[in-house]
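Reminder, nothing fancy here: chain letters follow the sequence lines and each chain counts from 1.
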There are 2 protein chains.
Amino acid sequence: MDPIFAGTTRGRTALAGYLTTALDAVGAGVRTRGGPIPAGEPDALARAWAAEFGALLPENGAGPETALTEVVTKLAEGAADPADPACAAHLHCPPLAVAVAADTAVSALNPSLDSWDQAPVASVLEDRLVATLAGLTGYDGDTAGGAVTTGGTESNLMGLLLARDRIVRGLTGTEAPQTGIPAELVGKLRILCSSVAHFSVARSAGLLGLGERAVVPIAVDEADRMRPDALCVELMRVRERGEVPLAVVATAGTTDLGAIDPLEAIAELTYAHRVWFHVDAAYGGGALFSDRLAPLLAGIGRSDSVGLDLHKLGWQPIAAGVFLSRDRTGFRTLDRTVAYLNPADDEAAGYRSRLGLSLRTTRRADAVKIAVTLRAFGRRGLGELVDRCHDLARYAADAIGADPRLELRAEPTLSTVVFRYRPPAGGDPDQANARLRRALLASGKGVVGRTTMPDRSGTAATYLKLTLLNPATTQADLDKLLLDLLGEAELAR
Amino acid sequence: MDPIFAGTTRGRTALAGYLTTALDAVGAGVRTRGGPIPAGEPDALARAWAAEFGALLPENGAGPETALTEVVTKLAEGAADPADPACAAHLHCPPLAVAVAADTAVSALNPSLDSWDQAPVASVLEDRLVATLAGLTGYDGDTAGGAVTTGGTESNLMGLLLARDRIVRGLTGTEAPQTGIPAELVGKLRILCSSVAHFSVARSAGLLGLGERAVVPIAVDEADRMRPDALCVELMRVRERGEVPLAVVATAGTTDLGAIDPLEAIAELTYAHRVWFHVDAAYGGGALFSDRLAPLLAGIGRSDSVGLDLHKLGWQPIAAGVFLSRDRTGFRTLDRTVAYLNPADDEAAGYRSRLGLSLRTTRRADAVKIAVTLRAFGRRGLGELVDRCHDLARYAADAIGADPRLELRAEPTLSTVVFRYRPPAGGDPDQANARLRRALLASGKGVVGRTTMPDRSGTAATYLKLTLLNPATTQADLDKLLLDLLGEAELAR
C-alpha cells in the first residue's frame, strides 16, 4: 500500500480529505451517541466494543479511509464528550477548535524537542512560551526555566526531582542522579503537602525512591486549605526527628473543592526553613488569566517551581502541562550531553537543544497549540472564559443549595461544586449517591463526578461533584443535568 | 471572544475552516523554507524567531484565524521536515496522513485514559491494542499488560520501575513505592545493559533513586551487540560483590548502528539468574512487521517487558510509544484507588480505569492513531515500509562504500548508515566532519546526523549518520544528499 505522508504537498491534499472523513466520522458517532456518554452497562459496552475492534493488526490492511471511518466513528460513539454540557465530572475540558487545528499542524510536521535539528523553530517557540508563562506566574522570564509536560503529574515529579537533587547536593556534595540517594539520607527525606494534595505527589515519592512514607500530610482547614500553623509545627517536628524536609508542595486548586492553599504564608515558612516550595497549580493556575480570581493565587511567584495545566482551565487538547522553575540552573540535574543529540561543539555553535529541560527524549511540540490559543484569546479572553466557569459553579451551588433533596458541601472556589443527594429515610447515603451516579452514567444522560470527603460531622462520606470547565454551558443546561440526576433518584426509589 | 469548542456541531464546522487555514499555513511555510530545514546560522534564526513571537500573551487576543496563520506559518518555515528526503538525521519519522487525521479526532474529542468516564471506548481500544502488540511481540495477549507511552524513555523507565519493585518485594517483603528503597539494598541494585544502550537507561536509574552508578555497562562486539559472555561474567561479578542484579536491558536497534543484542542468549542468562529482562525495542521493534527482518528479534517474546516506538518505524506523529509487560500482575506497583477516579465499587460495577497502567494521570488516547494505522496498512503493509527503509540504507551504504572521499563505518542492520568524510591530508577528521554537518545544516540543503564511535583502531571519533525512516525516499534522493554533502566539503577546502 502506498504510504502518504502528511508533510508533503501531495500529503496535505490527502490529509485534507482524511480530515473530512475523520470529522464526518466524529459527527456520525456523536449523533449515534446522542448524549454526553454512551448509554448502557459498562461490561456490555466493553464486550461489544472489543468484538468490533477485533484483530487490530490484520495481515492485509483495510486501507486508510475504511480504517479511519470505522475506528473514529466508534471513538466518537463511545466517548465521554466534554463538549456536552452534561459531561461535568472531571478536570477534562472541551478543547478549542483553534487549538485542535494547531495541534494538527504539529502532528503533520512532527517536530521533536530533544534536538535543534528536529525542531529549530519549535524550540524557540517553547522557550518564549515558558518565558511568557513564567512572567504570568510572577517569575522573571529571563532567569526562569521550564518545559511543556504531559500534565500536573509530570510537573509535580519534575519539581520534586529538582528539589531532591538540590538537597542531596547541598547536604552531601553528591549528585543524586549519579550516585543515588546517599545512605545517610535514606529514609530521612520528607515532602510536606496538605492531606488533600493530589495523589501524584505520593506517587512521585515512590518513583523517586523515597517511598510514599516520605510524604507528611499537613492538616487542612474546613475549606480544604493547608493550615500554615500545622505546616509550621510539622516542619519543626521533621527537624526534631532528624529528618530532612525536601520540599513543601502547595496546591492551588484541589481536585474536589478547588481549594487554594495560603501561598504567601507557605512562602514565608519555606523561606525561613530554606525548603523548596513547589506549587501544584494544575487546576487553579488558570485563575492567573482572570482579574477576578488571580488574587486567590497571590504569592505563587515566590515559589521555586510550579505546574500549570492548560488542558484544564486553558481548553487545550491533552497534553498541555507546563512545568516552570524560578531558577533555570536547577535543571542541571537533567543536563546531559549526548553525542547524537547535542554534542558540545554543536551547542557552542548555536545549535541548542532542550533535552536537559525534560524527563522525556522524543517530545511533541505541545507548546504550539498553547501559543496559538494565548495569542488568539489574549489574557482577557481566557480570563473571561475562566470567569464564566466560576459563574456557572456559583449558579449550580445556589441551585443545589435551594433544593431540599440535595446537600451542598461547600461554596465553590473555582469551578467545582461538591454536593450529595439526600436519600429517603433509612437509605445509606454513600451507596445511594454512588449508585445514583452510576445510574445517570448508564442512562447516557449525564456524567457527574464523585469523591470521598468528610461530612460535616467529620465522617468520610461519598459526595457527588460537578466540575464545570465548559464556558458554553448555560444555566438551563445545569438545571437539566440536576433534573436528570434527581429523575434517576426517583426511578431508584 | 466567543470560544468555539471542537466537539460541538458548530465546532466541527469551525474546525474544518481552521484546519484549512492551518494546512494552508503549513503549505506557505514549507514553500518559504524550500528545503528540509531553514537555511541560516542558528543564532540569527533564533533571534529573528524570538522577535517574531514577541509577547505570546497579549492583553487582548488577535483572534483564532490570525493567531493560527501567524504561528503555524512560522512553525512550518522553521521546521526540520522529516517528510523531506534530505532530512535524515534522527529516528524522527514522517507521519502518515491517515494517522494525523486520526490524531485530530482525538484532539477534538479529548478522551483521557485515567478513568472510564473520561474515555469509555478509548480504554477498550487501548486494551485491545496492547493485546494485539503483545501478540506480535510473542507474549500471550490474555495475560500481558501495558499502555501507550510518550516513547522509549518512558517505556524503559516503566520496565525498570516494575523490575525495581519486584526485586525489592522479593528480597525484603517491602513495597518500594510505599517504603522507599530499603537500607539493605541501597547502593547494591544493579542494571546491566550494553555500553551503547540508550542514555535513558542511566537517566531512569537516576530518577528511580539508584543513581547512574547502578548501571553496569556490558562490552559489545564489533557490531555494537552485547556480548553474552561478557554479560555472563558481569552477572557473576555482581553477585560476588554482594550486589543485586535488578534487570538486564537489551537493546533491539541501537540509535547508531541499529544493532540488535542477542536476545535468545540474553533470555537464557536472565532465566538462569532470575533477573528481569527488559528489551528496549524503541527503534528495532518495527522489524516485527517485516518478514525479512523479524528474525533478527528472535527471543524478544521471552523478555519480561519491552518498549516499542511507533513514532519511529511506525510513521506515527509523536507520541506513540508502547510499553508491554508479559505478566500484567507486575503493574500492581502502580495500583492505586483514587476516590475521584476509580473507587472500588465503581470498578466492581464494570467502570474499569487504566490509571494503574501508567505513570501519568491525564493521558491522551494516542492508541487511536496507532490502531487506525495498523488496521489501514496491516502487518504486511507496514512490513513493506520497513523493508523499503532497510533497502534505502543498503543502497546508501553501497554508495558511500564506493566513494573514496567517504568511509563506511559498518554495514547497516536496520535503516541507519554510519560513515564519515575523509578530509584532505592534514585535516582533523573529527572537526572536519562536525563542521561539514553544520555547514550542510546552515545551507538548508540537508540534515544528516552525527555521533561518536570508536574508529577501527578503537579511538573515539566523530562520524556522520543517515537515519532513513522515509520509505518514499528514492535512490536519487540519497545520491543528491551525498552530493550536497560533498559539495559543502569542497566549499570548505
Side-chain angles (χ1 to χ4, degrees), chain A residues 1 4-8 11 14-15 18 22 42-43 49 53 56-58 60-61 64 67 71-72 78-79 83 92 94-95 97-98 100-101 103-105 107 109 118 121 124 128 132 151 153 177 179-181 206 209 211 317-318 339-340 350 361-362 364 372 374-378 381 451-452, chain B residues 1 4-7 11 14-15 18 22 42-43 49 53 56-58 60-61 64 67 71-72 78-79 83 92 94 97-98 100-101 103-105 107 109-110 118 121 124 128 132 151 153 177 179-181 206 209-211 317-318 339-340 350 361-362 364 372 374-378 381 451-452:
Chain A
M1 194 174 304
I4 305 182
F5 296 108
T8 62
L15 176 56
Y18 293 147
D43 282 331
W49 290 327
F53 290 130
L56 286 171
L57 183 62
N60 297 301
V71 175
V72 172
H92 174 215
V98 67
V100 173
D103 214 18
T104 301
S107 284
L109 289 161
Q118 294 176 89
V121 74
V124 173
R128 289 298 83 206
T132 298
T153 296
T179 60
I181 299 160
I318 299 161
Y340 80 91
T361 310
T362 295
R364 180 181 176 87
V372 168
L374 297 188
R375 207 147 162 164
F377 285 80
T451 191
T452 304
Chain B
M1 194 174 303
I4 304 182
F5 296 108
L15 176 56
Y18 293 147
D43 282 331
W49 289 329
F53 290 129
L56 286 171
L57 184 62
N60 296 301
V71 175
V72 172
H92 174 214
V98 68
V100 173
D103 214 17
T104 301
S107 284
L109 289 160
N110 214 24
Q118 294 175 89
V121 73
V124 173
R128 289 297 83 205
T132 299
T153 295
T179 61
I181 300 161
L210 312 172
I318 297 161
Y340 79 91
T361 310
T362 296
R364 181 181 174 88
V372 167
L374 296 187
R375 204 145 164 169
F377 285 80
T451 192
T452 304

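Judged purely by atom type and a 3.5 angstrom limit, A/His92 uses its side chain to pair as donor or acceptor with the backbone of B/Asn110.
Between A/Val100 and B/Thr104, some side-chain heavy-atom pair lies under the 4.5 Å cut-off.
Taking B/Pro42, B/Pro58, B/Ala6 one by one and counting their heavy-atom pairs under 4.5 Å with chain A, the maximum is reached by B/Pro42. Here B/Ala339 is the residue among B/Gly11, B/Gly151, B/Ala339 with the most heavy-atom pairs under 4.5 Å with chain A. Interface remark: of the candidates A/Val72, A/Thr8, A/Leu15, A/Leu15 forms the most heavy-atom pairs closer than 4.5 Å to chain B. Here A/Thr361 is the residue among A/Val71, A/Thr361, A/Asp43 with the most heavy-atom pairs under 4.5 Å with chain B. The greatest number of non-hydrogen atom pairs below 4.5 Å with chain B, out of A/Gly7, A/Pro94, A/Ala83, A/Ala22, is found for A/Pro94. Contact count versus chain B (heavy atoms, under 4.5 Å) is highest, among A/Leu57, A/Ile4, A/Val372, for A/Leu57. The choice from A/Ala67, A/Ala105, A/Pro95, A/Ala14 that makes the most heavy-atom pairs within less than 4.5 Å of chain B is A/Pro95. If you tally non-hydrogen atom pairs under 4.5 Å between each of A/Gly381, A/Ala79, A/Pro177, A/Gly206 and chain B, the highest count goes to A/Pro177.
At a 4.5 Å heavy-atom cutoff, the contact between B/Leu210 and chain A is made by backbone atoms alone. Of the two parts of A/Thr452, the backbone and the side chain both hold a non-hydrogen atom closer than 4.5 Å to a non-hydrogen atom of chain B.
For A/Val121, the side chain to side chain contact (heavy atoms under 4.5 Å, CB included) criterion is met by B/Trp49, B/Phe53, B/Leu75, not counting sequence neighbours. Legend: residues meeting side chain to side chain donor-acceptor pair (under 3.5 Å) with A/Ser107, ordered by chain and number and at least two apart, are A/Arg364, B/Asp103.
Here CD1 of B/Ile318 is found 11.0 Å from CG of A/Leu109. Values are rounded to the nearest 0.5 Å.
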